[in-house]
Amino acid sequence: MEIYRVGFVFSRSFVQKEIKLPSATVKPLSPTGFSGEIHDGKKKLESIRFSFTRRDLENTLRNYASTGHCTLVEFEAVESDSFFEAIESKESEAENIVGALSVISASPATPLCAFAEAPKNPGVKFYIPSDRVIQHGTNIPGYLNALPDIEQKAQTDTKFSLLLRLFRASLRESEIDNQILFQLILFEEASDNESASSFAERLRSFSEKIGFAGDLALLATECGVQLPEGRDVIDLLVKLRNSAAHNGNISEESLREFNGDWVVPVLNDKQKLHKLITEAVRYMFCCLVGHTRDNMAVKVTESIEIKFD
């Protein structure tokens, strides 16, 4: 067990002076600027044969001269067995502090890195998102094929455009729990035009109307999520949303409080649960533009012959 000084550095965050809180200290840091991002952008522009001139560079630097402010949230005397555990033990607290600061400063505060300093085992953690790389050629029902229709609907339907922005916002969250919460809210927003009184009834009516209710069981199987007999994915989404709405998080305790004992085994593998919810949202967008599995499936109406050499 060691004693660590733990700090979290947030970019796009501004505070005028040092502020001491009961558990931590918030300190202003010098601006990072955006020279690195500008350099990367310049290289990408050159790769697509756009000439980025010296004048463009000077104008860009001038435009962003006052951006890139950073803030440090620092904790003293954190006991832990390793630097990584020390950082993780204070992540939620640091997020709450910078969340409060974002109200004061009207800045988003993007996590950049964290450190834990001790005489023997110091270390640093960078908050670089791990983006999924999906080979669209193997997708069913063919998400890539839906791109033109999704884009066209977004251009003409303001609510659909907002739902896409909510989905993108969810993917920017670094924590799985927050991505799940954002995407559950997205389902609620998508179905709020239904006339039923409860979220469960609205979501079920909405899913049947757009044609993705019947395929959710297939998605669950593909994602490795097994539900008890008599329960379906709609029931799962509703229980998770109700739990989050009343307690602000999804946990065994909050689920049991709202008769969601049957969801607890599913919650034990959040990686699979997260994948199922994300895939359900992606498929929902496809269904909203008519790209259901049934509509897009290749149907054979005549006899065929298969030969093996």
Side-chain angles (χ1 to χ4, degrees), residues 81-95 110-111 113-114 123 125-141 143-144 163-164 166-188 190 203 207 212-213 215-229 231-245 247-258 260-287 293:
D81 291 325
S82 69
F83 80 87
F84 196 78
E85 288 181 6
I87 291 171
E88 285 202 325
S89 71
K90 290 296 179 181
E91 276 183 335
S92 178
E93 200 170 339
E95 282 288 339
T110 304
C113 63
K125 174 183 178 180
F126 278 88
Y127 292 95
I128 300 171
S130 178
D131 296 326
R132 293 172 68 185
V133 178
I134 297 176
Q135 302 298 325
H136 293 277
T138 61
N139 263 321
I140 298 174
Y143 289 78
L144 194 60
L163 293 176
L164 289 178
L166 286 174
F167 182 58
R168 287 177 60 207
S170 76
L171 298 178
R172 294 190 190 105
E173 291 293 318
S174 57
E175 298 295 329
I176 283 181
D177 284 19
N178 290 338
Q179 287 201 16
I180 290 173
L181 289 171
F182 272 52
Q183 290 170 10
L184 290 171
I185 293 170
L186 196 155
F187 276 119
E188 191 163 10
L203 184 57
S207 65
F212 89 139
D215 292 324
L216 290 177
L218 199 55
L219 277 178
T221 301
E222 291 170 353
C223 295
V225 175
Q226 192 169 14
L227 299 177
E229 188 174 350
R231 302 290 187 177
D232 61 15
V233 176
I234 299 293
D235 295 324
L236 175 66
L237 295 173
V238 170
K239 280 297 178 188
L240 291 170
R241 178 66 187 116
N242 288 342
S243 168
N247 295 289
N249 65 355
I250 300 170
S251 63
E252 289 190 25
E253 293 75 19
S254 61
L255 286 168
R256 295 188 195 281
E257 184 180 347
F258 294 96
D261 299 61
W262 61 273
V263 183
V264 173
V266 180
L267 189 66
N268 289 335
D269 193 336
K270 277 193 180 176
Q271 293 287 346
K272 289 181 180 178
L273 175 62
H274 172 237
K275 185 177 181 181
L276 170 59
I277 294 173
T278 302
E279 292 305 296
V281 174
R282 294 174 66 221
Y283 186 49
M284 178 196 75
F285 281 116
C286 289
C287 291
R293 291 181 181 232

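Heavy-atom basis, side chains included; hydrogens, waters and symmetry copies ignored.
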Asks: Would you please name every residue forming a salt bridge (Lys or Arg N to Asp or Glu O under 4.0 Å) with K239, sequence neighbours left out?
Replies: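 For K239, no residue satisfies salt bridge (Lys or Arg N to Asp or Glu O under 4.0 Å) once neighbours in sequence are set aside.
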Asks: Could you check whether any side-chain heavy atom of V281 comes within less than 4.5 Å of a side-chain heavy atom of F187, counting everything from C-beta outward?
Replies: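 Sidechains of F187 and V281: in contact.
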Asks: Write down the atom of A86, the atom of S89, and the distance for their closest heavy-atom approach.
Replies: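 Answer, listing the atom of A86 first, then S89: O-OG, 2.7 Å.
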Asks: Should I250 and V263 count as side-chain neighbours, where that means a heavy-atom distance under 4.5 Å?
Replies: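 No. Closest side-chain heavy atoms not under 4.5 Å.
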Asks: Quick one: are V266 and K272 in side-chain contact, heavy atoms under 4.5 Å?
Replies: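 The answer is no; the side chains never approach within 4.5 Å.
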Asks: Counting neighbours of CD on Q226 that are heavy atoms of other residues, nucleotides or ligands and sit closer than 6.0 Å, is the number greater than 12?
Replies: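 Counting other residues, nucleotides and ligands, CD of Q226 stays at 12 neighbours or fewer.
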Asks: Give, for atom CD of E175 and atom OH of Y127, the distance between the pair rounded to the nearest 0.5 Å.
Replies: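 One gets 8.0 Å once the value is rounded to the nearest 0.5 Å.
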Asks: Check the pair V233, L219 against side-chain contact (heavy atoms from CB on, under 4.5 Å), reporting the backbone distance first and the verdict last.
Replies: CA-CA 9 Å; V233 176; L219 277 178; over 6 Å; no
Asks: Quick one: CG on D215 to CD on E279, what's the gap to the nearest 0.5 Å?
Replies: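 Going from the CG atom of D215 to the CD atom of E279 covers 13.0 Å.
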Asks: Contact between L236 and I277 at the side-chain level, heavy atoms closer than 4.5 Å - yes or no?
Replies: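 Side chain of L236 against side chain of I277, heavy atoms only: no contact under 4.5 Å found.
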Asks: For residues A244 and L181, report the shortest heavy-atom separation together with the two atoms involved.
Replies: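 Shortest heavy-atom separation between A244 and L181 comes out as CB-CD2, 3.1 Å.
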Asks: What I'd like to find out is whether the side chain of F182 reaches to under 4.5 Å of the side chain of L186, using heavy atoms alone.
Replies: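 Side-chain contact under 4.5 Å: no.
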Asks: So V238 and D235, do their side chains get closer than 4.5 Å, heavy atoms only?
Replies: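 Contact flag for D235/V238 side chains = no.
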Asks: Could you tell me the separation between the OG atom of S243 and the CG atom of L267, rounded to the nearest 0.5 Å?
Replies: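 Answer rounded to 0.5 Å: 8.0 Å.
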Asks: How far apart are the closest heavy atoms of E252 and N268, and which atoms are they?
Replies: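 Scanning both residues completely, I find the closest heavy atoms to be OE2-OD1, 3.8 Å.
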Asks: Is any side-chain heavy atom of I234 less than 4.5 Å from a side-chain heavy atom of S207?
Replies: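 Yes, close enough: below the 4.5 Å cut-off.
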Asks: To the nearest 0.5 Å, what is the distance between CG on D177 and NE2 on H274?
Replies: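 Between atom CG of D177 and atom NE2 of H274 there are 9.5 Å.
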Asks: Evaluate the criterion side-chain contact (heavy atoms from CB on, under 4.5 Å) for residue pair E253 and E257; output intermediate values, then yes/no.
Replies: CA-CA 6 Å; E253 293 75 19; E257 184 180 347; over 6 Å; no
Asks: side-chain contact (heavy atoms from CB on, under 4.5 Å) between I185 and R241: does it pass, once the steps are laid out?
Replies: CA-CA 7 Å; I185 293 170; R241 178 66 187 116; 4.0 Å; yes
Asks: With the side chain counted from C-beta on, respond yes when Q183 and T278 share a heavy-atom pair under 4.5 Å apart, and no when they do not.
Replies: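 Yes, side chains in contact.
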Asks: Would you please name every residue forming a salt bridge (Lys or Arg N to Asp or Glu O under 4.0 Å) with E173, sequence neighbours left out?
Replies: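 Salt bridge (Lys or Arg N to Asp or Glu O under 4.0 Å) list for E173, sorted by chain: empty.
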Asks: First locate atom NZ of K125, then atom CZ of F83, and finally report the distance between them rounded to the nearest 0.5 Å.
Replies: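 CZ of F83 is found 9.5 Å from NZ of K125.
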Asks: NZ of K275: more than 12 outside heavy atoms within 6.0 angstrom?
Replies: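 Atom NZ in K275 is not packed in, count stays at 12 or less.
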Asks: Do you know the tightest heavy-atom contact between C287 and F212?
Replies: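 Looks like SG-CB, 3.2 Å.
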Asks: Working to the nearest 0.5 angstrom, can you tell me the gap between L216 CG and L227 CG?
Replies: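 It is 10.0 Å, given to the nearest 0.5 Å.
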Asks: Restricting to non-hydrogen atoms, name the atom on S170 and the atom on Q179 that form the minimum distance, rounded to 0.1 Å.
Replies: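 That would be O-CG, 3.0 Å.
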